[in-house]
S.K.: 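Would you mind keeping the following structure in view while I ask a few things?
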Amino acid sequence: MTTYIPHLTLPQAVFDSPAFAVLLPVVSGAAIGYATRPKETQKMYMAMKQPPLRPPPYIFGPVWTLLYGLMGYASYRAVHYGTSPFSPVETIRLARQGATLYSIQLGLNLAWMPLFFGLKRPIEATLDIVALLGINAYLFKTWYPVDKVAGWCLAPYLVWLGFATYLSAGAGYLNNWDLSNKQVEKKDV
């Protein structure tokens with residue numbers, strides 16, 4: 001069981017605006033993606049041993065953009081409608097608990113790419129994504145009773161996180177949990 005923790009939760013204003021709720025994860029995810037140098041990340045991704053069913057690198061950007069948008073919309077629906085003054089006390093409690101879980105999972109989500117590709121720490125990245133999957137399963141369970149649309153907006157994200165966990169753990173295992181030798185050649189400037 002979790003609780004609402006104001007210091008770990010995004011401000012209510014984030015959840016009150018559908019545009020802001022959607023754009024926050026989309027823009028944050030894009031910023032992290034570009035900060036980890038997409039061309040180098042793609043080259044490293046292709047240089048690693050990968051488990052079966054790995055998608056081509058160009059799939060990740062569009063998929064994550066869609067998933068970030070859905071998770072943002074879910075957060076808007078669950079927290080905005082769930083904390084309405086007309087909502088039952090239990091619904092408000094669940095909406096706020098979910099807001100804390102959502103904020104934590106967004107931080108974990110944004111940490112995965114720098115852990116895996118930037119720092120080349122597949123063990124820590126896999127632990128991060130396992131925690132992310134667990135938190136999001138609990139978030140689904142928490143927000144579904146608050147707003148079914150919000151719950152269903154999280155469903156594709158949960159499926160993708162399960163697949164991403166497989167890819168992260170599989171790549172880590174197949175590369176002996178060491179990505180340090182997956183160097184990307186740097187051009188002289």
Side-chain angles (χ1 to χ4, degrees), residues 1-33 53-55 59-116 125-170:
M1 182 143 166
T2 188
T3 188
Y4 171 65
I5 305 170
H7 291 92
L8 292 179
T9 306
L10 293 167
Q12 182 71 30
V14 170
F15 303 109
D16 285 340
S17 165
F20 196 50
V22 169
L23 287 173
L24 177 68
V26 170
V27 171
S28 299
I32 292 293
L53 304 176
R54 75 150 174 91
I59 295 293
F60 291 99
V63 167
W64 276 112
T65 301
L66 176 64
L67 294 173
Y68 282 136
L70 284 170
M71 82 166 72
Y73 186 65
S75 74
Y76 161 73
R77 295 249 343 168
V79 178
H80 180 74
Y81 293 118
T83 58
S84 162
F86 302 110
S87 296
V89 172
E90 179 63 11
T91 300
I92 293 171
R93 186 181 67 76
L94 288 172
R96 287 190 173 160
Q97 286 177 356
T100 297
L101 289 170
Y102 175 80
S103 301
I104 293 167
Q105 75 81 30
L106 185 58
L108 286 172
N109 182 302
L110 297 173
W112 184 88
M113 195 166 187
L115 281 171
F116 194 88
T126 300
L127 291 173
D128 175 274
I129 203 164
V130 166
L132 184 59
L133 181 59
I135 288 171
N136 276 283
Y138 189 56
L139 181 59
F140 177 87
K141 180 180 180 270
T142 302
W143 271 353
Y144 187 80
V146 172
D147 184 80
K148 290 186 180 10
V149 172
W152 285 116
C153 283
L154 292 175
Y157 181 41
L158 276 171
V159 171
W160 184 260
L161 282 175
F163 182 58
T165 301
Y166 157 76
L167 292 174
S168 182

S.K.: Got a sec, which residues hit side chain to side chain donor-acceptor pair (under 3.5 Å) with Asn109, two or more places apart in sequence or on another chain?
M.R.: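 Side chain to side chain donor-acceptor pair (under 3.5 Å) list for Asn109, sorted by chain: Tyr68, Tyr157.
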
S.K.: Look up atom CG in Leu133 and atom CG in Leu108, then write down how far apart they are to the nearest 0.5 Å.
M.R.: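 Reported value, rounded in 0.5 Å steps: 11.5 Å.
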
S.K.: Report the C-alpha distance between Gln12 and Thr83 in whole Å, list the side-chain angles of each, state the deciding distance to 0.1 Å, and finish with yes or no for side chain to side chain contact (heavy atoms under 4.5 Å, CB included).
M.R.: CA-CA 10 Å; Gln12 182 71 30; Thr83 58; 3.4 Å; yes

S.K.: Keeping Ser168 on the side-chain end and Ala164 on the backbone end, is there a donor-acceptor pair under 3.5 Å?
M.R.: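 It does not hold such a pair.
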
S.K.: Step by step, work out the side chain to side chain contact (heavy atoms under 4.5 Å, CB included) result for Phe15 and Ser103.
M.R.: CA-CA 11 Å; Phe15 303 109; Ser103 301; 4.3 Å; yes

S.K.: Which distance, rounded to the nearest 0.5 Å, do you find between the CG of Leu158 and the CG of Leu139?
M.R.: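 Rounded to the nearest 0.5 Å, the CG-CG separation comes out at 8.0 Å.
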
S.K.: Give me the atom names and distance for the closest heavy-atom approach of Asp128 to Ala111.
M.R.: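 Scanning both residues completely, I find the closest heavy atoms to be OD2-CB, 3.9 Å.
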
S.K.: Which heavy atom of Val146 sits nearest a heavy atom of Ala78, and at what distance?
M.R.: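 Heavy atoms of Val146 and Ala78 come nearest at CG1-O, 3.4 Å.
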
S.K.: Compare every heavy atom of Ile32 with every heavy atom of Pro114, then report the nearest pair and how far apart it is.
M.R.: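 The pair with the smallest heavy-atom distance is CD-CG2, 3.7 Å.
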
S.K.: Please test Tyr81 against Tyr76 for ring-ring contact (aromatic ring centres under 6.0 Å, His included), starting from the C-alpha separation and ending with a verdict.
M.R.: CA-CA 8 Å; Tyr81 293 118; Tyr76 161 73; 5.8 Å; yes

S.K.: Start with the C-alpha distance between Leu106 and Leu24, add both sets of side-chain angles, then the distance that settles side chain to side chain contact (heavy atoms under 4.5 Å, CB included), and finish with yes or no.
M.R.: CA-CA 10 Å; Leu106 185 58; Leu24 177 68; 4.2 Å; yes

S.K.: Does Ala125 offer a backbone N or O that forms a donor-acceptor pair with the side chain of Trp112 under 3.5 Å?
M.R.: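 Yes, Trp112 side chain to Ala125 backbone: donor-acceptor pair under 3.5 Å.
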
S.K.: For a quick test of reading the model, state the closest non-hydrogen atom pair linking Val79 to Ala99 and the distance between them.
M.R.: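 What the structure gives for the nearest pair is CG2-CB, 3.8 Å.
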
S.K.: Over all heavy atoms of both residues, which pair between Ala95 and Trp143 is shortest? Give the atoms and the distance, please.
M.R.: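 Minimum heavy-atom contact is O-NE1, 3.4 Å.
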
S.K.: Out of curiosity, Leu70 CG to Ser75 OG, how far, rounded to the nearest 0.5 Å?
M.R.: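 Atom-to-atom, Leu70:CG and Ser75:OG are 11.0 Å apart.
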
S.K.: Compare every heavy atom of Pro25 with every heavy atom of Val22, then report the nearest pair and how far apart it is.
M.R.: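 Val22 and Pro25 have their closest heavy atoms at O-CD, 3.3 Å.
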
S.K.: Is it the case that Thr100 and Thr9 place a side-chain donor and acceptor less than 3.5 Å from each other?
M.R.: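 Side-chain D/A pair, Thr100 to Thr9: present.
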
S.K.: For atom CH2 of Trp152, is the number of surrounding heavy atoms from other residues, nucleotides or ligands below 6.0 Å larger than 12?
M.R.: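 For Trp152, atom CH2 is not crowded (no more than 12 foreign heavy atoms under 6.0 Å).
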
S.K.: Rounded to the nearest 0.5 Å, what's the gap from OH on Tyr102 to CE on Met71? Could you check?
M.R.: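 Separation between the atoms: 6.0 Å.
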
S.K.: Begin from the C-alpha positions of Trp160 and Val63 and carry the test side chain to side chain contact (heavy atoms under 4.5 Å, CB included) through to its verdict.
M.R.: CA-CA 9 Å; Trp160 184 260; Val63 167; 3.6 Å; yes

S.K.: Hey, could you give me the CH2/CE distance between Trp64 and Met113, rounded to the nearest 0.5 Å?
M.R.: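 It is 10.5 Å, given to the nearest 0.5 Å.
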
S.K.: Could you measure the distance from the CZ atom of Phe163 to the CG atom of Leu167? Nearest 0.5 Å is fine.
M.R.: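 Nearest 0.5 Å value for the CZ-CG distance: 4.0 Å.
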
